[in-house]
Amino acid sequence: MKTTKNITIAALLIALGIVIPMFMPKIIFPPNSYTLASHVPVMIAMFISPSVAIAVAIGTAWGFLISATDIIAMRALSHIVFAVLGSLYIQKNRTSLKNPKTNLIFNCVIGLIHVAMESLVVSYYYFNGELTGGNFFIIVVLGIGVGGFVHSLIDYFMASKVALRLNLSKP
C-alpha cells in the first residue's frame, strides 16, 4: 500500500468486513453460509489495488473467525485469490468495466473463481470427515457452487455500484 489514503480505506473496509458478518442477515445451512453484503468490502478493495484487496481479504476472514466457524473463516480467507486476480484485471482494464456486458462477464469470472476456491476449502473439510449430515453434491456443488455463485454475483453488483459512486473505478 503506497499511500496513507489506501491504508485508511483498507482499515475502513476491514472494519466493515468485521461488522457485516456480526450484524447482517444470514442464511445458514451448515457448512454453507450466505451473509448479505459479506463480500462487498473485499470486492470494493479490488477497485483500489491488489495490496488493499489482500489486506481486506485477511481482515474480513478475521471477522468471520470472530463470528462464525473455522470453515467459514477459511472460506473467507480463500477470497484472497479472487480479490487479487480481480484487482490485477481491474488495474489493467478499468475502462472496460464501464461496459455493462464486460462488467457482467468479469462478475461471472470472478464468481467462478470465488466458488472454485471456496469449494476447495469445503472439499478439504468434507473429505477429512469434519462435515456430516449431507452428501458432497448437496454441500459443495449446490451449496457452495450454485448458492455461492449467486451470492457472489449479487455482492459484486453492490460493490461495483459503490466503487462507481466513490470514483474508485476511474482510470
Do I71 and M74 have side-chain heavy atoms sitting under 4.5 Å apart? no
Does the side chain of N107 reach to within under 4.5 Å of the side chain of N103, using non-hydrogen atoms? no
Do any N or O atoms from the side chain of T35 and from the backbone of S38 form a donor-acceptor pair under 3.5 angstrom? no
Heavy-atom side-chain proximity of V42 to F82 below 4.5 angstrom: yes
Can you get from Y89 to V56 by hopping between Ile, Leu, Val, Met, Phe, Trp and Tyr side chains that sit under 4.5 Å apart? yes
Check the hydrophobic clustering (I, L, V, M, F, W, Y; side-chain heavy atoms under 4.5 Å; chains of links allowed) and say if F157 and I154 are grouped together. no
So do the side chains of F106 and M46 get within less than 4.5 Å of each other, counting heavy atoms only? yes
Can any side-chain N or O of Y156 pair as donor or acceptor with the backbone N or O of G111 at less than 3.5 Å? no
Taking side chain as C-beta onward, heavy atoms only, is I18 less than 4.5 Å from T60? no
Exam field: side chain N93 to backbone S96, donor-acceptor pair closer than 3.5 Å: no
Return the set of residues passing side chain to side chain donor-acceptor pair (under 3.5 Å) with S152 (not counting sequence neighbours), or none when no residue passes. H114
Do Y125 and D70 get their side chains close enough for a donor-acceptor pair, meaning under 3.5 Å? no
Quick one: does R94's side chain have a donor or acceptor within less than 3.5 Å of a partner on F47's backbone? yes
